[in-house]
K.L.:
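I am attaching a structure below and will ask some questions about it afterwards.
In what follows, every heavy atom counts, from backbone to side chain, and hydrogens, waters and symmetry copies are set aside.
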Amino acid sequence: DIQMTQSPSSLSASARDRVTITCRASESINSYLNWYQQKPGKAPNLLIYAASSLQSGVPSRFSGSGSGTDFTLTISSLQPEDFATYYCQQSYSIPRTFGQGTRVEIK
Amino acid sequence: EVHLVESGGGLVQPGGSLRLSCAASGFTFTSYNMNWVRQAPGKGLEWVSYISSSGRTIYYADSVKGRFTISRDNAKNSLYLQMNTLRAEDTAVYYCARDRNWNSLDNWGQGILVTVSS
């Protein structure tokens with residue numbers, strides 16, 4: 001199975017900060033990397049697919065980059081509604097594993 | 001608008017069975033592959049199972065293989081997860097999710113809680 005490791009596990013940031021979350025795969029997954037946002041008590045919401053493609057309806061302050069084993073999710077200017085937990089997921093092979101999540105909290 | 005609604009959850013004893021359903025609307029269900037994903041209380045997301053649009057291709061996580069069965073009824077726009085021999089560690093919110101570009105999960109249901117406890 002491909003292991004997905006996110007860092008950091010949590011971070012504290014202020015509104016308008018630039019935030020970067022990284023995700024590393026245990027082997028190459030090409031660009032089959034997706035990012036989701038989840039708020040408490042809600043279902044996850046797809047932000048980025050194929051490592052860098054912005055899902056329809058997602059604000060442009062979210063961006064993704066990377067290929068192979070190393071990937072990054074960037075929020076260019078953190079908004080109050082962005083405080084949530086973020087998960088990466090590889091969709092290259094079965095099982096489609098998720099990272100452990102990164103909780104973004106208010107500083 | 002895409003709508004996915006899970007049902008069938010609840011409290012079940014260890015070793016028991018439960019069948020989850022996911023009713024789909026707002027899109028051509030027969031054209032999409034589907035998945036089940038779960039989340040144990042306070043934990044991260046775990047992919048559980050996948051079924052192709054035709055139902056001919058199916059995959060499972062090792063943690064549920066041999067105990068869970070995914071299926072679909074395209075005439076009823078419905079996805080199912082038959083869960084047998086349930087264990088305490090199967091306690092989670094179960095989500096159905098639509099497979100889309102590059103196998104990403106672009107639409108999710110609201111989730112349904114399954115609690116396995118005596």
K.L.:
Between B:Gly44, B:Ala97, B:Ser104, who has the most heavy-atom pairs with chain A when the cutoff is under 4.5 Å?
P.N.:
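The residue among B:Gly44, B:Ala97, B:Ser104 with the greatest pair count is B:Ser104.
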
K.L.:
Indicate if A:Leu78 and A:Leu54 have the same hydrophobic cluster label, given that clusters are the connected sets of ILVMFWY residues with side-chain heavy-atom separations under 4.5 angstrom.
P.N.:
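Looking at the clustering, A:Leu54 is in the same group as A:Leu78.
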
K.L.:
Check each atom of B:Gln39 against the heavy atoms of chain A and say whether the ones under 4.5 Å are side chain, backbone, both or neither.
P.N.:
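Contact with chain A is through the side chain of B:Gln39 alone.
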
K.L.:
Please say yes or no: joined through hydrophobic side-chain contacts below 4.5 Å, possibly via intermediate residues, are B:Tyr60 and B:Val48 part of one cluster?
P.N.:
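Yes; B:Val48 is reachable from B:Tyr60 via cluster members.
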
K.L.:
Do A:Leu46 and B:Arg100 make a side-chain contact, defined as non-hydrogen atoms from C-beta onward lying under 4.5 Å apart?
P.N.:
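SC-SC contact between A:Leu46 and B:Arg100 ruled out.
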
K.L.:
Given a strict heavy-atom distance threshold of 4.5 Å, which part of A:Tyr87 is in contact with chain B: side chain, backbone, both, or neither?
P.N.:
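The side chain, not the backbone.
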
K.L.:
Within the supplied structure, the quantity of interest is the number of heavy atoms (other residues, nucleotides, ligands) at a distance under 6.0 Å from A:Phe83 CZ; does it exceed 12?
P.N.:
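Yes, enclosed.
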
K.L.:
Go through the atoms of B:Asp99 and report whether side chain, backbone, both or neither lie under 4.5 Å from a heavy atom of chain A.
P.N.:
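Just the side chain, heavy atoms under 4.5 Å.
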
K.L.:
Do A:Phe71 and B:Trp102 share a hydrophobic cluster, counting only Ile, Leu, Val, Met, Phe, Trp and Tyr and linking them when any side-chain heavy atoms are less than 4.5 Å apart?
P.N.:
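Yes: a chain of side-chain contacts under 4.5 Å links A:Phe71 to B:Trp102.
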
K.L.:
Please indicate whether B:Tyr59 has more than 12 foreign heavy atoms, meaning atoms of other residues, nucleotides or ligands, lying under 6.0 Å from its OH.
P.N.:
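Check fails, neighbour count at 12 or below.
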
K.L.:
Specify the closest pair of heavy atoms between B:Tyr95 and A:Gln38, including all atoms of both residues, with the distance to one decimal.
P.N.:
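Here B:Tyr95 and A:Gln38 meet closest at OH-NE2, 3.4 Å.
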
K.L.:
Select, from A:Ser53, A:Ala50, A:Pro40, the one with the greatest count of heavy-atom pairs under 4.5 Å involving chain B.
P.N.:
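Greatest number of close heavy-atom pairs with chain B: A:Ala50.
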
K.L.:
Nearest 0.5 Å please: distance from the CG atom of B:Asn101 over to the CG atom of A:Asn34.
P.N.:
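It comes to 9.5 Å.
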
K.L.:
Please round to the nearest 0.5 Å and tell me the distance separating atom CG of A:Asn45 and atom CG of B:Asp106.
P.N.:
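So the CG of A:Asn45 and the CG of B:Asp106 are separated by 10.0 Å.
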
K.L.:
Show the nearest heavy-atom pair for residues A:Ala43 and B:Gly109, with the distance to one decimal.
P.N.:
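The pair with the smallest heavy-atom distance is CB-O, 3.2 Å.
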
K.L.:
For the residue pair A:Arg96 and B:Asn103, establish whether any side-chain heavy-atom pair is separated by less than 4.5 Å.
P.N.:
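Yes, side chains in contact.
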
K.L.:
For the residue pair B:Val37 and A:Phe98, what are the closest heavy atoms and their distance?
P.N.:
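Shortest heavy-atom separation between B:Val37 and A:Phe98 comes out as CG1-CE1, 4.0 Å.
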
K.L.:
Most heavy-atom pairs under 4.5 angstrom with chain B, which of A:Gly101, A:Gly41, A:Pro44, A:Ser56?
P.N.:
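The candidate making the most pairs under 4.5 Å is A:Pro44.
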
K.L.:
Under 4.5 Å from any heavy atom of chain A, what part of B:Val93 do you find: side chain, backbone, both or neither?
P.N.:
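Neither; nothing under 4.5 Å.
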
K.L.:
Measure the acute angle between the ring planes of A:Tyr36 and B:Trp108, then classify it against the limits of 30° and 60° as parallel, tilted or perpendicular.
P.N.:
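Aromatic pair A:Tyr36/B:Trp108 classed perpendicular.
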
K.L.:
Are B:Trp36 and A:Ile94 joined in one hydrophobic group, where the rule is that I, L, V, M, F, W and Y side chains link up if heavy atoms are under 4.5 Å apart?
P.N.:
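In one cluster: no.
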
